[in-house]
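Report on one structure; see the data block that follows.
The structure presented is a predicted model; accordingly, all values stated were derived computationally and were not measured. Residue numbering restarts at 1 for every chain, and letters A, B, ... go by the order of the sequence lines. Quick note: numbers below take in every heavy atom, side chains included, and nothing from hydrogens, waters or symmetry partners.
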There are 2 protein chains.
Amino acid sequence: MNYYTISQLAQEFDISTRTIRYYEERGMIAPMRTETGQRLYTKKDRAVLKLILRGKRFGFSLEEIHEMISLFDKDRTGRKQLERTIEYGEKKLKEVSERIEDLMQLKQEMEAILEDFKQRLKELGESDEHF
Amino acid sequence: MNYYTISQLAQEFDISTRTIRYYEERGMIAPMRTETGQRLYTKKDRAVLKLILRGKRFGFSLEEIHEMISLFDKDRTGRKQLERTIEYGEKKLKEVSERIEDLMQLKQEMEAILEDFKQRLKELGESDEHF
DNA sequence: ATTGACTTTTACGTAAACGTAAATTAAAAT
DNA sequence: ATTTTAATTTACGTTTACGTAAAAGTCAAT
């Protein structure tokens, strides 16, 4: 397994190194260090970063994202733990589903408006052709 | 047609009056005023507010939302205007579609993880039954 | 070995999106 | 008429999510 440096990840995801360090500050990533203190990121760290950025695109706060990550990340061995994780997961899943519904409605509305605009444009075109 | 006061809208959408005034500060809503200066919101204003809040849930910035609103709001009479509006609209529509795709992928991943957790819980249950 | 690019920590700065408080005025309720 | 509740403007405060700069150490390349 090979590692990524912080600037490699920063470049790949088009974010600043500061941003990555900030996520670490918040306890969302925990890369290993070399003897001299340089951060080394594994594939798993990279995946977590990806998750964070995706969450952000959806408008989740870093706090919410943190919650989700830590839930799905840890070993949930005990029955109670498992049950709670499942419950939380289903709640979050529902939220996501609702957002999808919401977005699809928005999409439809935008499509309708666009159709209307296009119709208007077409009519403009026709009236032009008569002159 | 009847009007809403600022606190009525605030209550309905579970936001503060400050928030609504802030949107006005940014030029996103422009309610009429009574002689004494009280804001009165029409159904249309209410619809705009709804749009803003929905946009926020999707993670759009107020600036982006403002752009969208002003585009779809104004009378776009000229051909050039119409064409530009349609172009912009299609761009935004594409963004929305991408977000939907993205969210659906997230949903699937969450479902898979949840299934896994549920399976584990089930196995725990079975092993219990033998003792 | 030294230059230059990269990394580290520390720390102050900032934009967005409001929160909160104060002072004042208006509307609604008793 | 007078409380109570709601509204207004002005203005400073706060949180989130980083940006930016400084000082110092480290890595990579010539």
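Remark: B:R57 engages A:D102 in a salt bridge, criterion side-chain N to carboxylate O under 4.0 Å. A salt bridge is absent between A:E24 and A:R21: the closest approach of a Lys/Arg side-chain nitrogen to an acidic carboxylate oxygen does not fall below 4.0 angstrom.
Of the residues in residues 15-23 of chain B, B:S16, B:R18, B:T19, B:Y22, B:Y23 come within less than 4.0 Å of DNA chain C through at least one heavy atom, sorted by number.
Here chain A contacts DNA chain C (any atom closer than 4.0 Å to a heavy atom, that is under 4.0 Å), and the contacts span C:dC6 to C:dA11 from 5' to 3'.
Atom CD in B:E24 sits roughly 14 Å away from atom P in D:dA7 (whole-Å rounding). Residue A:R26 contributes atom CZ, which lies 10 Å from atom C1' of D:dT15 at whole-angstrom precision. If you take NZ of B:K56 and C1' of D:dT16, they are 12 Å apart, rounded to a whole angstrom. At whole-Å resolution of the value, CD in B:Q38 and C1' in D:dT5 are 12 Å apart. To the nearest angstrom, P of D:dT26 lies 15 Å from CZ of A:R39. Rounded to whole Å, the distance from CG on A:L40 to P on D:dT26 is 15 Å.
Distance check: B:M110 CE to B:L103 CG gives 10.0 Å after rounding to the nearest 0.5 Å.
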**Request:** Assess whether salt bridge (charged side-chain N to carboxylate O under 4.0 Å, His left out) is satisfied between B:R18 and B:E25, documenting all intermediate values.
**Result:** CA-CA 10 Å; B:R18 173 70 175 95; B:E25 243 177 85; 3.3 Å; yes
**Request:** Step by step, work out the side chain to side chain contact (heavy atoms under 4.5 Å, CB included) result for A:Y41 and A:M32.
**Result:** CA-CA 7 Å; A:Y41 297 85; A:M32 48 179 305; over 6 Å; no
**Asked** Could you go step by step and tell me if A:L121 and B:E83 meet the side chain to side chain contact (heavy atoms under 4.5 Å, CB included) rule?
**Response** CA-CA 8 Å; A:L121 188 62; B:E83 278 168 359; 3.9 Å; yes
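Between A:R33 and the phosphate of D:dT26, there is no side-chain N or O to OP1/OP2 separation shorter than 4.0 Å. OP1 and OP2 of D:dG25 both lie 4.0 Å or more from every side-chain N or O belonging to A:T36.
Ranked by how close their nearest DNA chain C nucleotide is to the 5' end, A:I6 and B:T34 are led by A:I6. Sequence order on DNA chain D of the closest nucleotides to B:E25 and B:T5 puts B:T5 first from the 5' end.
With sequence neighbours excluded, no residue forms a side chain to side chain donor-acceptor pair (under 3.5 Å) with A:E111.
Within the cation-pi definition used here (under 6.0 Å to the ring centroid, within 45° of the axis), A:R99 qualifies as a partner of A:F60.
The minimum heavy-atom distance linking B:Y88 with B:E67 is given by the pair OH-OE1, 3.1 Å.
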